[in-house]
There are 4 protein chains.
Amino acid sequence: MARPKNEERRQSIIDSAIRLIAREGLSAATAAIAKEAGVPNGSLFTYFATKAELLNTLYLEVKQELISFVEDGLSDAGGEHEQLLHLWTRWTHWGAANPEKRQMLAQLSVSDEVLETTREAVLAAAQGPVNLVQRVARQGALRNQDPALAGALVESLADTATDFMSRDPEQAEQICLATFEFLWNALR
Amino acid sequence: MARPKNEERRQSIIDSAIRLIAREGLSAATAAIAKEAGVPNGSLFTYFATKAELLNTLYLEVKQELISFVEDGLSDAGGEHEQLLHLWTRWTHWGAANPEKRQMLAQLSVSDEVLETTREAVLAAAQGPVNLVQRVARQGALRNQDPALAGALVESLADTATDFMSRDPEQAEQICLATFEFLWNALR
Amino acid sequence: MARPKNEERRQSIIDSAIRLIAREGLSAATAAIAKEAGVPNGSLFTYFATKAELLNTLYLEVKQELISFVEDGLSDAGGEHEQLLHLWTRWTHWGAANPEKRQMLAQLSVSDEVLETTREAVLAAAQGPVNLVQRVARQGALRNQDPALAGALVESLADTATDFMSRDPEQAEQICLATFEFLWNALR
Amino acid sequence: MARPKNEERRQSIIDSAIRLIAREGLSAATAAIAKEAGVPNGSLFTYFATKAELLNTLYLEVKQELISFVEDGLSDAGGEHEQLLHLWTRWTHWGAANPEKRQMLAQLSVSDEVLETTREAVLAAAQGPVNLVQRVARQGALRNQDPALAGALVESLADTATDFMSRDPEQAEQICLATFEFLWNALR
DNA sequence: CATGAATGAGTCTTCATTCAT
DNA sequence: AATGAATGAAGACTCATTCAT
């Protein structure tokens with residue numbers, strides 16, 4: 001190759017996009033993103049053919065990051081309660097620690113710029129946590145429902161819990177534990 | 001005085017805005033909204049001074065409609081279980097029956113075009129349901145947390161439950177009841 | 001109407017477009033056309049929804065102008081020779097007198113921005129001259145061919161004759177008459 | 001020295017350029033041409049210093065190809081009628097058989113990217129056919145005109161005749177002969 | 001020499017809002 | 001009051017050409 005694509009630049013664009021979208025929403029201009037990344041506006045398009053492609057990449061990669069973070073240290077050894085607590089704790093803490101990424105994801109989640117295939121890829125990557133939730137829920141109120149339902153409910157709860165943890169960092173641990181108990185009671 | 005003469009036109013603009021924003025997101029053009037409403041583009045601004053005002057009105061009025069619908073038939077007479085079930089049923093059914101309004105609200109909920117004052121007005125209007133939820137939750141896992149937390153968690157659950165009911169109308173009743181049980185277990 | 005569209009502005013845009021396209025080809029920028037017309041760039045699009053629409057309008061209206069000019073004074077009274085000479089003279093003189101319009105038409109004639117429907121509309125408008133040519137040609141070499149062929153051949157000859165008349169204005173009359181004789185011999 | 005090593009690549013670029021320009025006009029991107037030719041975009045510029053140079057090369061080489069094809073088999077032996085018929089037949093058939101090259105030439109013919117020197121080179125190369133036409137025309141209607149006029153008129157006729165032959169291949173032979181008769185009558 | 005990433009000016013088009021009628 | 005034409009600053013994306021590798 002004449003000159004390999006600059007991986008740092010790509011990441012720099014992604015980081016700027018996260019920041020700007022968190023701040024200004026999806027209407028953040030590609031030129032503004034490029035500028036914030038210290039890259040000429042035209043160059044953004046050598047890394048992402050369209051704005052939509054950038055948005056899908058953003059969604060996919062940040063979701064994957066969250067999933068990896070959640071799965072890290074998750075062991076089959078412990079009981080379901082312990083495993084779910086691990087998942088819950090890491091999930092909400094990741095969100096509380098990454099407010100811009102969370103805000104960006106919130107925008108993208110309701111956008112139809114994010115393709116169905118992208119959402120499916122995320123779902124596939126989340127298989128581990130999703131399975132855990134379903135195992136916990138298998139005898140609870142949702143026992144006869146679409147298995148995806150439990151996962152979706154947990155996700156929405158995690159999101160809301162994280163919101164409150166972000167807003168009131170001093171209470172974060174308490175909120176995390178209380179909402180976990182709320183969740184545990186709900187699922188079983 | 002506050003409201004211009006033609007109430008029908010105003011409503012027609014609101015209806016079109018709901019439809020278009022559900023379909024195209026917040027980037028729906030005011031001219032397109034006016035056209036769909038059968039109103040000259042300039043006239044939209046005699047009803048709503050700015051696009052942001054239209055958006056805030058949309059958010060406020062539709063949320064109020066939802067709240068009214070939920071409260072309709074809600075009586076202090078019944079027990080907490082009965083009352084919460086009533087709330088849950090009507091909430092989710094309203095959403096399932098009004099997909100465009102739900103989609104529009106989803107867009108607006110993450111937008112910073114919706115002012116804090118507007119959100120507060122909605123919260124104030126929702127006092128009844130919110131109080132009910134807090135009463136149910138007063139001895140549960142959330143007993144020592146910010147009272148708003150319980151409300152927010154319930155809202156996010158309702159939203160997700162409605163999603164699934166919309167997608168699978170034949171199972172809607174089952175989903176409604178199962179998620180209610182899920183909620184009840186969580187709150188208590 | 002609140003404010004009627006300004007017909008003068010429309011014409012001014014068309015005139016500028018003719019001039020610029022003659023000078024720079026179809027790649028002439030809409031902003032440059034607007035500027036030359038003394039109109040804000042955005043306003044061009046209140047008169048022509050897209051550049052393609054402007055181009056089609058240009059083609060249609062200038063062709064119609066040429067046709068009108070050619071037909072002006074054309075009378076059924078005279079013989080075929082006299083009528084065809086009238087047509088030929090006015091056709092070539094219009095072209096020689098309107099070099100920018102001719103150059104613009106030359107660009108558009110080979111462009112696929114000009115829609116088939118536009119070309120058909122021009123053909124329909126040219127019925128009078130086309131019929132005359134076909135009448136003259138009815139016993140000549142083209143007698144058994146697609147009637148459109150005669151028309152097309154005459155058009156291409158007229159175009160070339162006009163070229164030479166433009167380039168050498170002093171010989172214009174001679175060229176006009178000589179090429180008419182050439183044409184007359186060919187058709188009969 | 002003048003030509004870089006890889007003659008095949010050069011030709012491949014030319015072929016792709018013909019195809020793409022026929023399809024999309026002169027605005028065909030150099031990168032798209034290179035891609036269609038299976039050549040890296042930067043490499044196009046080792047064969048043609050600028051896009052304009054590519055365009056001029058295209059015009060020159062394809063015109064030369066046409067001229068060679070027309071002259072092939074043309075012998076001074078036959079009479080003028082026979083020679084002109086030979087020229088006419090091969091000219092129109094080449095066009096009918098090479099629609100993309102014809103379309104590309106049509107675009108370039110009206111473009112000011114093609115330099116005057118290039119056009120002169122083509123004219124020089126076409127001396128044989130041009131002389132033949134002038135010989136035939138020396139006592140006809142054009143006898144006192146710029147000798148180039150006869151050549152230009154014949155070229156425009158050939159182009160139009162070829163159009164009709166392309167569109168209606170079954171009638172191609174008839175059209176060729178009928179238009180030749182048309183031409184013969186005109187010139188003499 | 002070959003490559004393909006990099007560039008930034010330039011393209012068409014959109015749009016909330018204003019204001020002449 | 002009602003209308004719809006007018007505006008001009010953005011916006012996403014393109015592209016011929018260059019040059020680091």
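By convention in this document, chain letters (A, B, ...) are assigned in the order of the sequence lines, proteins followed by strands, and residues within each chain are numbered from 1.
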Peer 1: Determine: side-chain N/O of C:Y47 to OP1/OP2 of F:dA6, distance under 4.0 Å, yes or no.
Peer 2: yes

Peer 1: Kindly point out which of F:dT17, E:dT21, F:dT7 is positioned nearest to the side chain of D:T50?
Peer 2: F:dT17

Peer 1: Rounded to the nearest angstrom, tell me the gap between atom CG in C:L55 and atom P in E:dC12.
Peer 2: 10 Å

Peer 1: Residues from residues 23-39 of chain C sitting under 4.0 Å of DNA chain E, heavy atoms only?
Peer 2: C:A28, C:A29, C:T30

Peer 1: Side chain of D:F45: nearest nucleotide among F:dG4, E:dG4, F:dT18?
Peer 2: F:dT18

Peer 1: Side-chain donor-acceptor contacts of residues 28-39 of chain A below 3.5 Å, not counting sequence neighbours, with atom names and distances?
Peer 2:
residue	atom	partner	partner atom	Å
A:E36	OE2	A:R19	NH1	2.7

Peer 1: Choose from F:dA6, E:dT13, E:dA5 the nucleotide whose nearest atom is closest to any side-chain atom of A:K5.
Peer 2: E:dA5

Peer 1: How many whole angstroms separate atom CG of B:L54 from atom P of E:dC15?
Peer 2: 15 Å

Peer 1: Can you measure C:R3 atom CZ to E:dA20 atom C1' for me and round it to whole angstrom units?
Peer 2: 4 Å

Peer 1: Please give me every residue in residues 9-20 of chain C whose heavy atoms get under 4.0 Å of an atom in DNA chain E, ordered by residue number.
Peer 2: none

Peer 1: Keeping C:Y47 on the side-chain end and C:Q11 on the backbone end, is there a donor-acceptor pair under 3.5 Å?
Peer 2: no

Peer 1: Could you name each residue pair satisfying side-chain hydrogen bond (donor to acceptor under 3.5 Å, both in side chains) that touches residues 112-122 of chain A, not counting sequence neighbours?
Peer 2: A:N56-A:T118

Peer 1: Near DNA chain E, under 4.0 Å by heavy atom, which residues of residues 109-117 of chain B?
Peer 2: none

Peer 1: Whole-Å distance between E:dT14 C1' and C:F48 CZ?
Peer 2: 18 Å

Peer 1: Please compare D:G42 and A:N41 by the position of their nearest nucleotide in DNA chain E and report the one closer to 5'.
Peer 2: D:G42

Peer 1: Do B:D159 and B:R102 touch side chain to side chain, with heavy atoms closer than 4.5 Å?
Peer 2: yes

Peer 1: Does the side chain of A:S43 get closer than 4.0 angstrom to OP1 or OP2 of E:dT7 through an N or O atom?
Peer 2: yes

Peer 1: Let's test your reading of the pairing rules: Watson-Crick or G-U wobble, both distances under 3.5 Å, then write DNA chain F as a dot-bracket string with ( ), [ ], | and dots.
Peer 2: .||||||||||||||||||||

Peer 1: C:E8 CD to F:dA6 P: how many Å, rounded?
Peer 2: 12 Å

Peer 1: Looking only at side-chain atoms of C:P40, point me to the closest of F:dC19, F:dT17, F:dT7.
Peer 2: F:dT7

